[in-house]
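These notes are about the structure you will find just below.
Sequence lines set the chain letters: A, B, ... in the order given, protein chains first and strands last, and positions in each chain run from 1.
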Number of protein chains: 2
Amino acid sequence: MVTMSEVAKAAGVSQAAVSYAYSRPSKVSSGQRARIFEVAEELGYHGPDAAGRSLRGGRVGAVGVMVMDSLGYAFSDPSNMQLLRGIAEEGELADVAVTLLPSPRPGPSDNKDPLGHRQASAGMRGLVDGVIIHNLPQGHAAVDAVIARGIPVVVVDSPKLRGVPYVGLDDRSAAASAAQHLLALGHRRIGILVDRLAPDGRSGVASPSRISHASDRVARARVQGYLQQLEASGIARSSVPVIEAGGFQLEDYAKASGQLLDDYDVTAILVASDVMALEAMSVATQRGLSIPAELSVVGFDDAPGAAEAGLTTVSQPMVEKGRIAAQLLLKAIATGELGSVLLPTEFIVRSSTARPQKRQSGSR
Amino acid sequence: MVTMSEVAKAAGVSQAAVSYAYSRPSKVSSGQRARIFEVAEELGYHGPDAAGRSLRGGRVGAVGVMVMDSLGYAFSDPSNMQLLRGIAEEGELADVAVTLLPSPRPGPSDNKDPLGHRQASAGMRGLVDGVIIHNLPQGHAAVDAVIARGIPVVVVDSPKLRGVPYVGLDDRSAAASAAQHLLALGHRRIGILVDRLAPDGRSGVASPSRISHASDRVARARVQGYLQQLEASGIARSSVPVIEAGGFQLEDYAKASGQLLDDYDVTAILVASDVMALEAMSVATQRGLSIPAELSVVGFDDAPGAAEAGLTTVSQPMVEKGRIAAQLLLKAIATGELGSVLLPTEFIVRSSTARPQKRQSGSR
DNA sequence: CTGAAAGCGCTTACAG
DNA sequence: CTGAAAGCGCTTACAG
């Protein structure tokens, strides 16, 4: 590997001069700078090595993104992709690389190596100048570790932490508006589907206590927004079935959807994410229910595919969310300034919702 | 930041002992190791810093992925996503982070900073232990730079380089089989659509010379495979229109599709990628052509959405491709062993192809 | 504007 | 099994 010293020797200048040529152009004459670059090119020197620069206190030139559970999930969920795209678009402006950090799965036994010591994930050990955390549960060990490391952090969606820049939505109000839409159409027998309230592997009917203690903040806020609005219209919380998928796989979604449709007599469902709502629609259709005549479905996110499927949903600007998170992080890295942003949502009515059919309760 | 020395002092051992505790467990007694970890935890030490370790010659613990043009594109193309997913799935096994490197766009003036010096992108300067290059054109400066750096590299799809591990398909044969399918159905007036043959901004009708000199290896191989098979059935290359989109945006695809349908009287089109084929189908439908009755369309990739759209296509295992590329890279990093893999493809007939309608040439 | 020197945190021969 | 020492490539006060 060609180093600065070699370039300096060949160019007849000090090693520091070469460093300045790359990182502090104002400290060397432009003639000398040109000469140094010429020699560097001849020798095949491609610029300061990241490790050396970083060790000395400089920037690495990369930001990290911590995503839920696994990188595989990060690359298959479409909303997540939009977020990453937004981050990438902003990142390019500042010439950074995006590093995706797998966040170790938490579990009853926590995440230890074979010797019982808690491993820091690769990205927490200096690979990045800052980290964007996307939708991790409250109390997640990986979040604590990154905060403890003291590098700049921006949280998207969850968890909300004191003094940490945050980008998100008013999930609760947006969810309330979704519920209001169904109420205005005349629905009274409404079910709720949610992907995951806490990373503990539980699924099925979610109790009021489980909902109020849910560590997945976004899921909790949405479900509470739904329930709050229904309650305001005189529908008791206890009469509204809330079914949790317990994971993010399509099979999890399908199972929860099936449970809701089989066990409860509802004319409409509120689904806390579009990917899950699309799966619910497909399950309902398979069961011979026609949408929206026999079942209304409302999603959340306006994810790719929602418009095509005619899904009524809460639209949120995911790409913009990523872009803003990147901006906030870059600002925190460069200036230490901290800022948070709440983005607006828009309720979009499509063809998956309609007035309930006139029929007797329990007619199915 | 807590360092090894501080942990060592607090634990009453040498700094080297702490290093060994983390990186060479066999060099310290398990009692001492436990004691060191205990002290580290108390002090909030999260393991060796990546910069220091990397500088000294160790592993960074991250692999890079170089993608076409821009990170934004990387996060919007569905086939690319599948590849990344495959890489990520394999990466998790080895506890690596995936770093996406924006590859600087090449152009007539090459890629220079304001002072005219060629910048190495962040990821080429030591941020990663190895790099997976995905589908870059031959002669791309970023590829040369990465190879020159001497770090382990695996190329997916393009370019093919002597002595560099490679994962790809037999694109030419697979394309030939796609053409053969149309010939067997009885088509004789066939057009070809391709996304990009070279990153020079040109679009529209591609001449034989442009095709044979195309630097985008995969696009070239597929087009040549089509033409070769058609020629073998007595259809002169010069009579087959080849339209190039010149970019990867849906608008580019739509424009090229429109040009082919407007200017040439074809009963079928061979499209060198599914994303473009889906766009071509949509353009054809907008023009009132019914598929497959009036126009047969064959794609390539079996990308997400192809099955739903009923697109007849060449299926390739994109996720597997990523997984294998990651395996090869990890092996190259760990052992220096180099290996290449050609993956099989499968031709899948769906509902976008049929026998041509009986009609006079030029009846439209 | 230029150069000599210190030191960032770490790993690994090497000597005990 | 343990420890003292060298040095990876770099940036940045500091002195000229």
Legend entry - Nearest listed nucleotide, side chain of Q32(A), among dG3(C), dG9(D), dG3(D): dG3(C)
Inset, instruction - Let me know the distance between CZ of R53(B) and P of dG9(D), rounded to the nearest Å. - result: 18 Å
Could you tabulate the donor-acceptor pairs under 3.5 Å formed by side-chain atoms of residues 150-158 of chain B, not counting sequence neighbours?
unit_1, atom_1, unit_2, atom_2, d
D157(B), OD1, K321(B), NZ, 2.7
D157(B), OD2, K321(B), NZ, 3.0
S158(B), OG, L136(B), O, 2.7

Inset, instruction - Indicate whether the side chain of S23(A) and that of R53(A) have a donor and an acceptor atom separated by less than 3.5 Å. - result: yes
Legend entry - N or O in side chain of S23(B) less than 4.0 angstrom from dT11(C) OP1/OP2: yes
Legend entry - Nearest listed nucleotide, side chain of M4(A), among dG3(D), dT12(C), dT11(D): dT11(D)
Legend entry - Nearest-nucleotide comparison on DNA chain D, the residue closer to the 5′ end among S19(A) and A16(B): A16(B)
Legend entry - Nearest listed nucleotide, side chain of P48(A), among dG9(D), dT11(D), dA4(D): dT11(D)
Legend entry - Rounded distance (Å) that lies between atom C1' of dT2(D) and atom CD1 of I36(B): 10 Å
Inset, instruction - Using atom CG of L55(A) as one end and atom C1' of dC8(D) as the other, report the distance to the nearest whole Å. - result: 9 Å
Legend entry - Euclidean distance, atom OH of residue Y22(B) to atom C1' of dT12(C) [Å, nearest integer]: 18 Å
Inset, instruction - Mind calculating the distance between CG (D49(B)) and P (dC10(D)) to the nearest angstrom? - result: 17 Å
Legend entry - Per R24(B) side chain, nearest of listed nucleotides dT2(C), dT12(C), dC1(D): dT12(C)
Inset, instruction - Give a yes/no on whether any side-chain N or O of S29(A) is located under 4.0 angstrom from OP1 or OP2 of dT2(C). - result: yes
Inset, instruction - Determine the sole option in I132(A), L83(A), I324(A) for which the side-chain contact (heavy atoms from CB on, under 4.5 Å) test with V167(A) is passed. - result: I324(A)
Inset, instruction - Go ahead and name the base partner of dA15(C); Watson-Crick or wobble counts if both distances stay under 3.5 Å, otherwise write none. - result: dT2(D)
Inset, instruction - For V2(A) and for Q15(B), locate the closest nucleotide of DNA chain D by heavy-atom distance; then report the residue assigned to the nucleotide nearer the 5' terminus. - result: Q15(B)
Inset, instruction - Let me know the distance between CZ of R56(B) and C1' of dT11(C), rounded to the nearest Å. - result: 5 Å
Inset, instruction - Compare the minimum distances between each of dT2(C), dG3(C), dG3(D) and the side chain of A17(B), then state the nucleotide with the smallest one. - result: dG3(D)
Inset, instruction - Nearest whole angstrom, please: distance from the P of dG9(C) to the NZ of K9(B). - result: 13 Å
Legend entry - Atom pair distance, as rounded to whole Å: CD in E6(A) and P in dC10(D): 9 Å
Legend entry - Distance flag, aromatic centroids of Y45(B) and F37(B), threshold under 6.0 Å: no
Legend entry - Y45(A) side chain near dC10(D) phosphate (N/O to OP1/OP2, under 4.0 Å): yes
Legend entry - Min side-chain heavy-atom separation V143(B)-P159(B) under 4.5 Å: yes
